[in-house]
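What follows is a set of notes on a single structure, which appears directly below.
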Amino acid sequence: MKIFTVGPVESYPESGQAYKHSFSYFRAEEYSNLVKGNLARLGVYLGAPTQEGVFYLTASGSGAMEAVVTNCIGQNEKALVINGGTFGKRFCEILEYYNIAYEPLSIPFGETLKREMLEEYSDKGFTCMLVNLHETSTGQLYDINLIAEFCRSQDIYLYVDAISTFLADEYNMKAYGIDATIISSQKGLCLSPGLSFIALSERQMDKCRSLSSRPPLYFKFSNYLAEIARGQTPFTPAVGIMYELANMLDKIEREGGLSSWLEGIRQKSTYFRREAKKRNFTYPAYPLSNMLTPLVFTKGNAWSVYQALRDEYGFTVNPCGGSLKNTLLRIGHIGNLCLQDFDALLDALGELERP
Ligand SMILES: *Cc1c(COP(=O)(O)O)cnc(C)c1O
């Protein structure tokens, strides 16, 4: 059994060991120090504009998306949402639910987000943009340069769900003037699901404190910001995953640090794409994240190939939902996988599906 999914991923054996610390008491100094150390290292990897704005929630990524919407955006604002698939749609649903005005910039499957598309939304009264920088449901990686330039020119806040690009592609909050970043434990970090991390800019921290709207009390950022300075959270966190995180950050450092880590993932995605092409598999023409490769099944049999891979070969890949169910399968390149694993997967795909 091998999993080629993007979260949870094929985990590293050390993680299971680290998780056993679940039972340490989280109000003790040992745990506070662990948290402070982990968040300081994550802050550097994120290019966070201020370490004081880095904290974490016990919630999956969608919880953190909802928390960002409710803590960062006021009731009288108007948000622009880049909606290129499942996760863009999720931001729209959250805004809708909380009655915050928004417009989706919808990208039909197969199209690339371009400057002209953004320009249509210039000077229309938006106060912020929400984007899933890598729209995991299609594999499209949006151009952060374009997005950051647009937000700067419009003088609006920029909120980025970086869940499926962080630790697979270059990312830097400071360089692009990003006001809030969301990441979660089970994607690029390759940990158990259950923790999300948020990093805020200084102006966003001020904005959160001054908004009159009432975010859910459990997710109220100002309470988290007040506690995190001493390595604590208002409520009991998922302690075990914090230990896994220390272990993973040590691993990344042992293996040469962030840029070598990114290079390792890039090599896997490049290898996979080259080998897939040789075997006449195709993937969409829009820019892709190194986290995954979406393969196109022109005969419309993606779902049955997904099932056969799982049942006959013990390989689990990411199927798609909705209108792409029979068109795409997504192959993750993160986690404890090596080039031979990708060869084995492609052999199996070749036997099941001769393009
Ligand atoms: C995985 C993912 C999420 C979070 O999904 P959860 O199931 O709540 O963890 C959010 N945004 C993106 C872009 C993702 O890939």
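FYI, side chains are in, hydrogens and waters are out, and symmetry mates aren't considered; it's all heavy atoms of this structure. From a predicted model like this one, the values you see are computed outputs, not experimental measurements.
For the atom pair Q154 CD and L118 CG, the distance stands at 9.5 Å (nearest 0.5 Å). Here the CG-OG1 distance, from L80 to T127, works out to 10.0 Å after rounding to the nearest 0.5 Å. Remark: L167 CG to Y45 OH distance equals 7.5 Å, nearest 0.5 Å.
Figure legend: K251 and Y12 shown as a cation-pi pair, the cationic atom lying under 6.0 angstrom from the six-membered ring centre and within 45 degrees of its axis. A cation-pi arrangement is found for R203 relative to Y157, the charged atom lying closer than 6.0 Å to the ring centre and inside a 45° cone about the ring normal. Geometric assessment of K78 against the ring of F126 yields a positive cation-pi assignment under the 6.0 Å and 45° thresholds. A cation-pi arrangement is absent between R274 and F272 under the rule of less than 6.0 angstrom and at most 45 degrees off the ring axis.
When atom types are taken as modelled, the side chain of S269 and the backbone of R266 share a donor-acceptor pair closer than 3.5 angstrom. A donor-acceptor pair is defined here as one N or O able to donate and one able to accept, closer than 3.5 Å; such a pair exists between the side chain of S185 and the backbone of S192. D179 places a side-chain N or O within 3.5 Å of a backbone atom of L158 that can act as its donor or acceptor partner. Judged purely by atom type and a 3.5 angstrom limit, R330 has no side-chain atom pairing as donor or acceptor with the backbone of L292. Checking side-chain atoms of E77 against main-chain N and O of G74 turns up a donor-acceptor pair under 3.5 Å. Formation of a donor-acceptor pair under 3.5 Å by the E10 side chain with backbone atoms of F4 is not found in this model.
Looking only at atom types and distance, the side chain of E52 has no donor-acceptor partner in the side chain of T50 under 3.5 Å away. Between the side chains of T293 and R273, at least one donor N or O sits under 3.5 Å from an acceptor N or O. A side-chain N or O of E351 and one of Y313 form a donor-acceptor pair less than 3.5 Å apart. Under 3.5 Å, the side chains of Y98 and E66 contain a donor-acceptor pair of N or O atoms. Side-chain contact check for N301 and E353: at least one donor-acceptor pair (N or O, by modelled atom type) lies under 3.5 Å. Side-chain contact check for T5 and N318: no donor-acceptor pair (N or O, by modelled atom type) lies under 3.5 Å. Side-chain atoms of S196 and S184 include no donor-acceptor pair closer than 3.5 Å. For the residue pair T316 / Y306, no side-chain donor-acceptor distance below 3.5 Å is found, with atom types taken as modelled. Of the N and O atoms on the side chains of R90 and S62, at least one donor lies less than 3.5 Å from an acceptor on the other residue.
The number of heavy atoms from other shown groups lying within 6.0 Å of OH (Y218) is above 12. Taking a 6.0 Å sphere around CD of Q232, one finds it holds more than 12 heavy atoms contributed by other residues, nucleotides or ligands. Annotation for K36: atom NZ counts as buried by contact number, over 12 foreign heavy atoms lying within 6.0 Å. Applying the 6.0 Å contact sphere to CZ of R214 captures no more than 12 heavy atoms from other residues, nucleotides or ligands. By the 6.0 Å contact criterion, CD on E170 is open, its count of non-hydrogen atoms from other residues, nucleotides or ligands being 12 or less. Sparse packing is recorded around CG of D155, with 12 or fewer heavy atoms of other residues, nucleotides or ligands lying under 6.0 Å away. Environment of CD in E255: crowded, with over 12 heavy atoms of neighbouring residues, nucleotides or ligands closer than 6.0 Å.
When each of L200, I228, L211 is checked for a side-chain contact (heavy atoms from CB on, under 4.5 Å) with F221, only L200 meets the rule.
Taking the six-membered ring for Trp and thresholds of 30 and 60 degrees, Y243 and Y31 have ring planes inclined between 30 and 60 degrees apart.
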Evaluation steps, salt bridge (Lys or Arg N to Asp or Glu O under 4.0 Å), between D341 and K268: CA-CA 10 Å; D341 293 322; K268 286 179 193 171; over 6 Å; no
From CA spacing to verdict: ring pair (Phe, Tyr, Trp, His ring centres under 6.0 Å), H134, Y142: CA-CA 6 Å; H134 169 207; Y142 302 128; 8.8 Å; no
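The minimum heavy-atom distance linking L46 with A199 is given by the pair CD1-CB, 4.1 Å. What you find for F87 and M65 is that their closest heavy atoms are O-CE, 3.7 Å.
Residues D161 and V131 fail the side-chain proximity criterion, which asks for heavy atoms closer than 4.5 Å. For the pair M242/L195, a side-chain contact is recorded, criterion being any heavy-atom separation below 4.5 Å from C-beta on. The shortest side-chain heavy-atom distance between S201 and P49 falls under the 4.5 Å cut-off. Side chains of V35 and F26 form no contact here, defined as non-hydrogen atoms less than 4.5 Å apart.
Cluster partners of I3 are M1, counting Ile, Leu, Val, Met, Phe, Trp and Tyr whose side-chain heavy atoms approach within less than 4.5 Å, directly or via other members.
Partners of N33 under the side chain to side chain donor-acceptor pair (under 3.5 Å) rule, at least two apart in sequence or in another chain, do not exist in this structure.
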